[in-house]
S.K.: 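The structure's right below; bear with me while I get my questions together.
Any value given below was found using the heavy atoms of this structure, including those in side chains, with hydrogens, waters and symmetry copies removed. Lettering of chains follows the sequences in order, A, B, ..., and the numbering in each one begins at 1.
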Number of protein chains: 2
Amino acid sequence: MLSTFEVLSSAVRRDIIAQLRRGPSSVSDLNEALGISQPVVSKHLRVLRDTGFVRVRPEGQRRWYELRTEPFREVDQWLEPYRWMWEDRLDRLGRHLDAQREENQS
Amino acid sequence: MLSTFEVLSSAVRRDIIAQLRRGPSSVSDLNEALGISQPVVSKHLRVLRDTGFVRVRPEGQRRWYELRTEPFREVDQWLEPYRWMWEDRLDRLGRHLDAQREENQS
DNA sequence: ACGATATATTTCGACAAGGGTATATTCGTT
DNA sequence: AACGAATATACCCTTGTCGAAATATATCGT
């Protein structure tokens with residue numbers, strides 16, 4: 001099972017994700033919109049599904065894939081302790097210093 | 001040259017980055033703090049340097065590595081068009097719908 | 001200049017990811 | 001039941017990454 005960042009390390013998968021931002025798509029939709037062969041699309045969607053990036057809703061012979069939010073939240077949370085470095089908000093800096101203190105105590 | 005997400009896909013590199021969050025470190029610092037062999041540390045730092053995650057400041061025989069902000073901003077910007085999905089702020093949703101309209105026009 | 005310490009690079013082998021092609025499965029239609 | 005469309009999986013091959021070990025480079029102290 002790949003980690004969240006491993007999933008995002010593939011440009012093809014990021015393209016699929018970006019396309020799904022426009023709304024749910026079937027495999028053939030993605031195949032045509034992105035010019036990626038059907039088996040490759042299916043394989044990547046399998047990875048995206050296993051890692052929680054998408055969920056699938058079968059409707060007849062079509063399978064509609066749509067984005068889920070958890071992995072994005074995860075990236076956002078990972079980013080959190082680094083934000084003080086470039087966001088010049090005083091409260092961020094303050095919270096960072098507090099967190100620093102906590103870490104150094106343990 | 002690896003892309004930003006490819007760099008972050010390595011758990012070892014994320015560990016190095018997290019350690020550098022505490023402040024600048026030398027190779028041997030990272031070697032001891034993380035239990036990673038010296039050549040491996042150097043090699044990952046090379047990658048992190050080539051991709052803008054860190055910069056190096058030589059001081060005698062030591063080389064101090066410290067974080068740079070650009071790649072983090074990049075991740076933050078990549079995340080931006082997905083934020084409306086889980087952040088329930090009305091302005092985010094509004095801006096998202098505006099952006100949607102723009103995209104569909106082109 | 002020499003030895004020691006700190007860091008960088010090279011080489012190698014193991015391993016896994018990615019895509020192409022072929023094939024299997026599933027479901028609707030007739 | 002048979003066929004066709006949509007999707008999933010299996011297999012193969014190529015390629016790139018990772019870490020280990022060995023070696024090279026740089027800088028300081030003497």
S.K.: Going by ring-ring contact (aromatic ring centres under 6.0 Å, His included), name the residues that satisfy it together with Tyr65(B), two or more places apart in sequence or in a different chain.
M.R.: none

S.K.: Run Arg68(A) and Val54(A) through side chain to side chain contact (heavy atoms under 4.5 Å, CB included) and show every step you take.
M.R.: CA-CA 5 Å; Arg68(A) 296 181 70 253; Val54(A) 304; 5.7 Å; no

S.K.: Does Leu45(B) reach a base, just sugar-phosphate, or nothing at all? Heavy atoms under 4.0 Å.
M.R.: nothing

S.K.: What's the verdict on side chain to side chain contact (heavy atoms under 4.5 Å, CB included) for Arg83(A) and Thr69(B), showing C-alpha distance, side-chain angles and the deciding distance?
M.R.: CA-CA 9 Å; Arg83(A) 285 230 168 77; Thr69(B) 63; over 6 Å; no

S.K.: Would you say Asn31(A) and Ser28(A) are linked by a side-chain donor-acceptor pair, where the criterion is simply a distance under 3.5 Å?
M.R.: no

S.K.: For a quick test of reading the model: is some side-chain N or O of Tyr65(B) closer than 4.0 Å to OP1 or OP2 of dA8(C)?
M.R.: yes

S.K.: Within this structure, what is the CZ-to-P distance between Arg62(A) and dG4(D), rounded to whole angstrom?
M.R.: 18 Å

S.K.: In whole Å, what is the span from the CZ atom of Arg63(A) to the C1' atom of dA6(D)?
M.R.: 10 Å

S.K.: Could you name each residue pair satisfying side-chain hydrogen bond (donor to acceptor under 3.5 Å, both in side chains) that touches residues 1-14 of chain A, not counting sequence neighbours?
M.R.: Ser3(A)-Glu6(A), Thr4(A)-Glu74(A), Arg13(A)-His44(A)

S.K.: If you look only at pairs with a residue in residues 36-56 of chain B, which of them pass as a salt bridge (Lys or Arg N to Asp or Glu O under 4.0 Å), with sequence neighbours excluded?
M.R.: Arg46(B)-Asp50(B), Arg55(B)-Glu66(B)

S.K.: Which parts of residues 10-18 of chain B get close to DNA chain C, meaning a heavy atom less than 4.0 angstrom away?
M.R.: none

S.K.: Would you say a side-chain N or O of His44(B) is under 4.0 Å from OP1 or OP2 of dC18(D)?
M.R.: no

S.K.: Produce a footprint string for nucleotides 23-29 of chain C: one letter per nucleotide, 5' end first; B if the base is under 4.0 Å from any protein heavy atom, S if only the sugar-phosphate is, - if neither.
M.R.: ----BS-

S.K.: Name the closest nucleotide to the Ser42(A) side chain, picking from dT9(C), dT7(D), dT17(D).
M.R.: dT7(D)

S.K.: Return the CE to CZ distance between Met85(B) and Phe72(A), rounded to the nearest 0.5 Å.
M.R.: 4.5 Å

S.K.: Can you find a pair of side-chain heavy atoms, one from Leu45(B) and one from Leu30(B), that are under 4.5 Å apart?
M.R.: yes

S.K.: Tell me: CZ of Arg57(A) to C1' of dA6(D), nearest whole Å?
M.R.: 16 Å

S.K.: I'd like to know if the side chain of Asp76(A) reaches the main chain of Arg73(A), judged simply by a donor and an acceptor atom lying under 3.5 Å from each other, with no hydrogens or angles considered.
M.R.: no

S.K.: Which of residues 24-37 of chain A sit near DNA chain D, with a heavy atom under 4.0 Å from it?
M.R.: Ser26(A), Val27(A), Ser28(A)

S.K.: What is the distance from CG of Leu48(A) to C1' of dG18(C), rounded to the nearest Å?
M.R.: 14 Å

S.K.: Quickly work out the Trp64(A) CH2 to dA6(D) P distance and round it to whole Å.
M.R.: 11 Å

S.K.: Taking the six-membered ring where the residue is Trp, are the ring centres of Tyr82(B) and Trp78(B) under 6.0 Å apart?
M.R.: yes

S.K.: Return yes if some donor-acceptor pair links the side-chain N/O of Asp15(A) with the main-chain N/O of Val12(A) below 3.5 Å, else return no.
M.R.: no

S.K.: Can you check the Lys43(A) NZ to dA8(D) C1' distance for me, whole Å?
M.R.: 11 Å

